Structure formats: C-alpha cells, structure tokens
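Keep in mind that this is a model prediction, so the values were computed, not measured.
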Protein chains: 2
Amino acid sequence: MTKELTERQKLLLSLIIHEHTRTAQPVGSKSIVNQFGLNLSSATIRNELATLTELGYLRQPHTSAGRVPTEEGYRYFVSNLVQQTNLPATTRNTISHQFYQAPQGLVQWLRLAASVLANHSQAASLVTAPHTTRATFKHIELLSTRATQVLLVLVLGGGEIRQRILSLDESVSQENLSELSAHINGLCQNYSADDLKSRHEQLSPLGLIVLDTIIEEMRLSSTLVTGEVYLDGLTNVLTEPEFAQSELARSPMRLLEERTLLNDLISRTIMTEEVGGVQVLIGGEGTWDELRDCSVILTRYGIPDQLTGAIGVLGPMRMPYGHTISTVRFMAGLLSDLVSEHLVE
Amino acid sequence: MTKELTERQKLLLSLIIHEHTRTAQPVGSKSIVNQFGLNLSSATIRNELATLTELGYLRQPHTSAGRVPTEEGYRYFVSNLVQQTNLPATTRNTISHQFYQAPQGLVQWLRLAASVLANHSQAASLVTAPHTTRATFKHIELLSTRATQVLLVLVLGGGEIRQRILSLDESVSQENLSELSAHINGLCQNYSADDLKSRHEQLSPLGLIVLDTIIEEMRLSSTLVTGEVYLDGLTNVLTEPEFAQSELARSPMRLLEERTLLNDLISRTIMTEEVGGVQVLIGGEGTWDELRDCSVILTRYGIPDQLTGAIGVLGPMRMPYGHTISTVRFMAGLLSDLVSEHLVE
DNA sequence: ATTAGCACTCTCACGTTGAGAGTGCTAATT
DNA sequence: AATTAGCACTCTCAACGTGAGAGTGCTAAT
C-alpha cells in the first residue's frame with residue numbers, strides 16, 4: 001500500500017501540501033521552483049509530479065491546472081512526513097496560565113479548552129466531558145421540590161454529577177428523603193452499576209425506585225460520550241475559502257450540531273485509541289459523507305481506564321497538520337493534568 | 001411616526017411581505033395582480049407602491065426591480081398587521097407529547113425545546129436555563145475527591161445545581177466535611193446571598209471558605225443569563241438564500257457562538273419584558289451590527305419573579321413572523337408549564 | 001380615482017474572446 | 001540515465017458585448 005517514494009518525491013509532496021495549505025490554490029511546477037529555489041528546472045518537477053499524480057497522491061482539478069493533494073496524499077503526508085513542532089514555550093505558558101487563573105471548575109475548564117483550541121487551530125474545536133467507563137457510585141442527595149416531586153442529585157466517581165426529577169405517586173417528607181439517601185449512601189459506596197443491582201435488600205418501595213433511577217443514570221453515563229460536548233470556533237470553518245458557498249459548509253456544521261452524528265464520530269474514531277495517540281481522520285474515510293472536504297483530529301485525554309474524555313478539532317482538509325496535531329496534543333496533556341490533579345481520588 | 005395607512009396600502013404591504021417571504025425575490029406590481037387576483041390594474045398598484053416606498057416601508061434594490069420590504073416595513077407589519085395564527089391542535093399535541101414522553105430532567109427538556117423550536121421555525125433557536133433572580137440556598141454537599149480537593153455541590157431554590165472544586169491547604173476527612181455541610185445546611189436554609197453574609201457565626205475557617213464560595217456562586221447565578229444556553233438549528237440559517245455567501249452568514253453565527261454577545265443580546269432584549277410578551281428585534285435595531293439581515297424573536301418563560309428563562313429564535317429578516325411568533329409563544333408556554341409543575345416548591 | 005400605453009432603465013444569462021497559467025512531450029544536453 | 005529547453009496544446013477566468021425580460025414612472029384617456 002504505502003509505495004516507497006524517493007526523497008525528492010517526499011520533499012515535493014511536502015512542499016505542495018505546504019504551499020496549498022497556505023494559498024488554497026492548485027500549485028504548479030513553476031511556482032514551486034520560484035518559491036523554494038530548488039536546483040531543478042520546472043520540467044524535472046513536472047515529471048516527478050506526473051508520477052506522484054499516477055500514484056494517487058496528487059490530483060489536477062482540470063487538465064492544465066496545478067496540482068492539489070488528494071486524500072491519499074494527505075494521509076501519506078500525515079503518516080510519514082509531518083513533523084510535529086512542539087508549541088513554543090511562550091505559547092504553552094500563556095495557555096497554561098489561563099487555566100490556572102480561571103475559576104476552578106470542570107465546566108469552565110472544558111469551555112476554556114474548547115475556546116483556546118479553536119483560536120489556536122483556527123478550526124472548530126470539540127471537547128467532551130471526561131467520564132468513567134466504569135462509573136462508581138459516590139453519593140446521592142434527595143431533595144423535595146414540591147409535594148410529589150423529588151430532585152435526585154447523583155455524584156459519580158470522578159466528580160461527575162447527574163440530576164433527575166422523580167415524580168412520585170404520593171408526597172414524601174424531606175426527613176424521610178434524607179433518611180433514605182443516608183441509607184443508600186451507606187449501602188452503595190463505590191459500587192458499580194452492576195453491583196448495585198444486588199443491593200436492594202431492606203429498601204422501601206420508594207428506595208427501589210431511587211435505586212433503579214441511579215442504576216439507569218450510571219448506565220447512561222457509561223456510554224463513551226455522555227452529557228455535553230463543548231464546541232467552539234464553528235465560524236472558523238465558515239472563514240475557509242473552500243466553504244465560501246454556504247452549502248458546502250452546511251454538512252460539516254450539521255455534523256457538529258447533530259448530537260447523534262457527533263457522538264458516533266467521536267466514539268468510532270476514538271474507541272480504539274489509547275490516551276496519547278492522536279487520531280487523524282482525513283476526508284471522512286468513506287464513512288462520513290459530510291466530511292468530504294474536512295479533516296478531524298481527535299485524541300483522548302484523562303487517566304486511562306479511570307476518567308477519560310475526547311478533545312480535537314474539525315477543519316478543512318487543507319490544514320496545517322503539524323501545528324494542529326501539536327496543539328491538540330498539548331491541550332490534551334493540559335486537560336489530563338487538570339483532571340488528574342483535581343478530579344481523581 | 002406610525003403614519004396611518006389606508007386599508008389598501010396595509011393589504012399591499014402584507015401581500016408583498018408574504019410573497020417576498022415565500023420567494024426571497026423582489027416582488028413587482030404585476031406579479032401581485034397575478035398571484036392574488038385583485039380587482040385592480042398593475043398601474044394602480046404601482047402608484048400605491050410608490051407612496052409606500054416614499055414612506056420608507058418598501059425599497060427597490062435597483063431602479064427597475066420589484067419592491068422589497070424595509071426594516072421599517074417589517075416593523076409596521078409586525079406591530080399592526082401580523083395575525084397570530086394559533087398552531088393547529090394536532091401540532092400542539094404532537095409537541096406536548098414529546099415532552100411528556102421524554103425522560104424527565106431540565107436539561108433534556110431545554111435541549112428538546114431548542115430542537116423542536118428550531119425544526120418548526122426553520123431558524124436557529126436558543127433557550128436559556130431558567131433561574132431565580134433572587135437565588136435562595138437550598139442544600140450543599142461536600143465531597144472529598146483526593147487529599148486536599150473538595151467537590152462542592154450547591155443546590156439552589158429552583159433545583160438549579162452548581163458545582164465547584166475547592167483546593168484546600170490541608171487535607172480534611174470526609175467525616176469533617178459531612179459534619180460541616182450538615183451544619184451549613186441547617187444554618188442557611190432558604191436564605192438569599194445577601195442574607196448569607198451575616199451567617200458566619202460559629203464557623204470554622206474552612207466553613208468560611210465554603211460560605212464565601214457559596215455566596216459567590218449564588219451571585220454568579222443571579223445574572224440574567226447563567227450557565228448554558230441551548231442552541232439548535234444553526235445550520236438552518238445557512239440554508240437561507242440571503243446567506244449563501246458564507247461571509248454574510250458568519251456574523252449572525254458568530255453572535256450565537258460568542259457567549260458574551262449572546263448574553264448581551266438576551267439580557268438587553270428581554271430585560272424589560274414580562275413573561276408572555278414576545279419581543280421582536282428586527283435587523284439589529286442599530287445596536288447589533290451582526291444582525292443587519294436578521295430578526296430575533298425572544299420571550300420569557302417560567303414563573304415571574306421566581307424562576308424564569310428566555311426562549312426564542314434567530315432567523316433571516318425575511319421570516320414568516322406570524323407563524324414564528326406563535327411557535328415561540330407556544331413553546332414558552334409549554335416550558336412555563338413544565339417549570340411550574342416540576343421545579344417550583 | 002383608475003387604467004392603458006409607452007418609453008425607459010436595469011439586471012441577468014449567454015456567448016465570445018484573449019491573456020495567462022500550466023501541462024505533456026520531444027529532442028537536445030550533461 | 002537524468003535533466004532541461006522549447007513548444008504546442010488545453011483549460012480557466014475575467015472582460016466585454018448583447019438582447020431578452022421584468023419592472024418602473026409618467027401621461028393621457030376613461
């Protein structure tokens with residue numbers, strides 16, 4: 001599959017991608033020579049380009065236009081040629097500072113992460129809240145709001161909070177509720193959803209309802225993407241020239257908007273990957289039609305097997321991969337640190 | 001200001017707005033006669049159109065094109081001519097059902113409301129979580145996550161939940177924390193932020209930190225727009241022909257994305273208005289440049305002075321006002337019912 | 001007050017055209 | 001064998017011209 005390229009071909013592929021990323025235009029043999037002052041004539045370049053085109057790494061929009069990288073071209077580039085530039089120390093510090101200055105709180109951090117990432121990548125960013133694959137019970141609180149309504153607040157292992165309103169058949173006093181929650185708190189400490197099922201001894205009918213609700217919420221929380229997905233920089237996508245006609249921009253935007261599509265994308269892309277590895281999805285890879293002209297860069301953050309989330313960007317396929325991958329990786333590291341410092345027991 | 005129009009002029013204004021809403025094209029005298037079969041000649045219509053143009057209600061894109069409504073025209077229409085069609089009973093039922101079937105929970109309801117509203121209005125929808133202008137303390141829970149980290153969960157009057165991570169100088173046991181929270185819970189029941197300041201008797205240093213945090217969170221929660229704003233249907237805006245060039249679509253989208261802008265818009269628009277009144281903001285009204293070609297329809301929902309939020313849509317100025325206003329009003333009513341049934345004590 | 005008629009204006013879709021950029025191929029050069 | 005100069009060829013794109021069509025305002029008649 002990965003045909004060996006000569007060094008010169010690799011160089012040319014890199015140059016074309018670099019140039020096309022900058023200008024959004026097809027790039028021709030002559031302009032390569034001018035731009036980069038190689039010791040070669042345009043004719044030689046043309047020959048090389050012809051073979052790269054045959055190999056499927058380049059493409060001509062029409063017979064006599066310059067070359068444009070294909071999806072294959074980008075893939076080869078990302079797999080073999082891209083060089084990860086570490087972000088400059090000053091940038092890294094600026095970003096870190098923002099986090100340690102900001103008010104402490106998971107939601108604020110995630111929102112900030114999305115915003116920073118969107119700015120630095122000039123693309124749309126997405127961040128999911130971290131969650132435990134194996135949720136453990138930590139604490140509940142039952143609060144009566146009005147006669148037959150009860151607000152159930154459930155705290156899970158990593159500090160994840162879920163709430164739910166219960167409608168009862170008859171009214172229950174706050175004292176009874178407090179008693180019940182104390183009872184359940186004692187009974188269920190640190191259990192997982194599966195273990196909880198066997199804990200219904202000595203529980204009142206109301207207690208059983210509560211327990212079932214708890215189990216249900218814990219199950220819900222165990223799907224990979226749970227709760228909010230924090231998005232930012234959607235309009236960055238609209239800025240790119242390839243999405244000048246709004247019709248083209250609509251499909252990637254729709255994907256970000258539709259919860260189900262987005263969840264699907266995140267789970268399938270990230271599923272296999274360990275924390276640390278960055279996934280690059282170029283042009284939908286045959287599965288996501290909406291992403292024909294887009295690339296998605298995604299990675300996990302958090303503590304493996306304990307509390308992990310996903311963070312990444314969606315941008316045009318014509319994207320500065322080196323820089324973007326570095327940025328995503330750095331942000332993931334930052335969030336991992338925050339999570340392990342503040343949220344894990 | 002509001003010059004009196006003859007009945008015929010009103011009719012013509014309505015017809016033009018109706019037709020232009022449908023086609024997104026300038027509408028000419030002839031096409032009015034054809035479409036609506038008035039007993040008038042096109043020449044008569046032209047005379048009327050000329051006066052309407054002089055009055056500032058209509059505008060010609062160029063000398064010999066049809067007429068297009070101006071902002072003024074839309075304002076006059078909305079103030080004097082629009083007829084609120086109640087949504088058909090079947091639609092109303094379908095929507096209600098969705099809510100009573102859906103899993104109970106504020107977040108789900110708000111999300112669903114945004115989604116339904118976006119679909120029925122074919123515009124971008126926005127829904128803020130309801131909150132109390134005068135937040136009252138209901139309950140806290142303190143949970144130790146790791147040595148010196150404490151998770152503070154705060155429940156406010158209307159069931160609003162806020163969470164915060166506290167970093168302490170020294171570690172505190174969970175028993176001490178439980179004791180402290182029980183103490184504070186007893187001490188502060190139903191107090192407002194201002195009242196809480198005077199409750200620091202008999203509190204340990206840690207207790208004071210917690211109390212300050214509580215007060216701060218309650219203050220935060222008292223700004224009109226707090227926490228999440230649920231958006232949906234952003235891509236509906238991209239569909240409209242007037243936003244075919246993505247550049248034009250970018251500004252309204254940006255406004256929806258920038259938290260600060262959005263909050264500003266919501267608070268300033270809604271501030272004055274009572275629950276029940278629907279605010280229509282046409283073309284930015286000189287204040288929001290980003291909305292030059294857009295209209296915003298916003299209203300409050302909830303229980304006045306107790307627990308209110310905002311719900312509305314943002315769409316192109318060329319919008320079926322009658323239908324959209326009805327829809328927004330209906331959704332607001334629905335949410336009000338849900339809130340008063342489930343969230344108010 | 002309304003209308004028929006007409007001259008006028010302006011846009012838009014369509015076709016033409018020429019410059020420019022880029023290509024592939026061939027034959028010559030290193 | 002690799003590289004290069006040269007050249008004919010292709011295709012896009014912006015510029016221009018043109019004519020049909022839609023709509024207007026005005027005037028004179030009803």
Side-chain angles (χ1 to χ4, degrees), chain A residues 4-13 15-20 22-70 73 241-242 244-245, chain B residues 4-13 15-20 22-70 73 241-242 244-245:
Chain A
E4 256 326 300
L5 299 186
T6 67
E7 284 309 312
R8 194 166 68 188
Q9 288 168 334
K10 291 181 185 175
L11 174 64
L12 282 175
L13 182 55
L15 291 182
I16 288 187
I17 288 182
H18 180 261
E19 195 60 9
H20 180 251
R22 207 172 57 83
T23 62
Q25 297 292 324
V27 2
S29 55
K30 220 164 191 171
S31 72
I32 293 182
V33 181
N34 290 346
Q35 278 285 321
F36 302 101
L38 305 182
N39 265 345
L40 292 170
S41 78
S42 64
T44 314
I45 309 258
R46 276 203 290 284
N47 286 329
E48 294 285 43
L49 296 194
T51 56
L52 280 172
T53 306
E54 248 168 65
L55 289 173
Y57 295 140
L58 297 178
R59 178 173 67 81
Q60 300 176 271
H62 46 264
T63 344
S64 80
R67 283 352 197 256
V68 166
T70 60
E242 43 265 74
Q245 293 96 303
Chain B
E4 256 327 302
L5 299 186
T6 67
E7 284 309 312
R8 194 165 68 185
Q9 287 169 335
K10 291 181 185 175
L11 174 64
L12 282 175
L13 182 55
L15 290 183
I16 288 188
I17 288 182
H18 180 262
E19 194 60 8
H20 180 251
R22 208 173 56 85
T23 63
Q25 297 291 325
V27 0
S29 54
K30 217 162 190 173
S31 71
I32 293 183
V33 181
N34 289 345
Q35 278 285 322
F36 302 101
L38 306 183
N39 264 345
L40 292 170
S41 79
S42 64
T44 315
I45 310 259
R46 276 202 292 282
N47 286 329
E48 294 285 42
L49 296 194
T51 56
L52 280 173
T53 306
E54 249 169 64
L55 289 173
Y57 295 140
L58 296 179
R59 178 173 66 82
Q60 299 177 270
H62 46 264
T63 344
S64 79
R67 284 353 196 255
V68 166
T70 61
E242 43 266 76
Q245 291 97 304

Checklist entry - Distance from A:I17 atom CD1 to A:L12 atom CG, nearest 0.5 Å? => result 11.5 Å

Next on the checklist: The side chain of B:S29 is closest to which nucleotide in this list: D:dT3, D:dT24, C:dT23?
Outcome noted: D:dT24

Checklist entry - In terms of side-chain heavy atoms of B:A43, which of D:dA5, C:dT23, C:dA4 is nearest? => result C:dA4

Checklist entry - Please give, in whole Å, the distance from C:dA1 P to B:E7 CD? => result 17 Å

Next on the checklist: Any base atoms under 4.0 Å from A:S31, or only sugar-phosphate, or nothing? Heavy atoms, all strands.
Outcome noted: nothing

Checklist entry - OP1 or OP2 of C:dT23 less than 4.0 angstrom from a side-chain nitrogen or oxygen of A:T63, does that happen here? => result no

Next on the checklist: I want to confirm an ordering. Mapping B:T44 and B:P61 to their closest nucleotides on DNA chain C, which one lands closer to the 5' end?
Outcome noted: B:T44

Checklist entry - Nearest heavy-atom pair of B:L52 and B:L13: which atoms, and what distance? => result CD1-N, 4.3 Å

Checklist outcome for this item: Any strand, both distances under 3.5 Å, Watson-Crick or G-U wobble: D:dC26 pairs with C:dG5

Item to check | A:L58 vs A:T53 side-chain heavy atoms within contact, under 4.5 Å | outcome: yes

Next on the checklist: Could you check whether the side chain of A:S64 and the base of D:dT10 have a donor-acceptor pair of N or O atoms closer than 3.5 Å, going by distance alone?
Outcome noted: yes

Next on the checklist: Contact between A:E48 and A:I45 at the side-chain level, heavy atoms closer than 4.5 Å - yes or no?
Outcome noted: no

Checklist entry - Does a side-chain heavy-atom distance below 4.5 Å link A:R8 with A:T44? => result yes

Checklist entry - Is any side-chain nitrogen or oxygen of A:R67 closer than 4.0 Å to OP1 or OP2 of C:dG22? => result no

Next on the checklist: Rounded to whole Å, please give me the gap between CG in B:N39 and P in C:dA1.
Outcome noted: 19 Å

Checklist entry - Whole-Å distance between D:dT3 P and A:L12 CG? => result 11 Å

Checklist outcome for this item: In whole angstroms, the gap separating C1' of D:dT12 from CD of A:Q25 amounts to 12 Å

Item to check | Counterpart base for C:dA13, defined by Watson-Crick or G-U wobble contacts under 3.5 Å | outcome: D:dT18

Next on the checklist: Can you measure A:K30 atom NZ to D:dA5 atom P for me and round it to whole angstrom units?
Outcome noted: 11 Å

Next on the checklist: Which heavy atom of B:H20 sits nearest to which heavy atom of B:P69, and what is that distance?
Outcome noted: ND1-CD, 3.7 Å

Item to check | From B:L40 atom CG to B:R46 atom CZ, the distance as rounded to the nearest 0.5 Å | outcome: 12.5 Å

Checklist entry - Which whole-number value in Å describes the distance from A:I32 CD1 to C:dA21 P? => result 16 Å

Checklist entry - Taking atom P of D:dT10 as reference, at what distance in whole Å does atom NE2 of A:H62 sit? => result 14 Å

Checklist outcome for this item: Here the residues of residues 45-52 of chain A within 4.0 Å heavy-atom distance, strictly under, of DNA chain D are A:R46, A:N47

Checklist entry - Roughly, in whole Å, what's the span from CZ in A:R8 to C1' in D:dA1? => result 12 Å

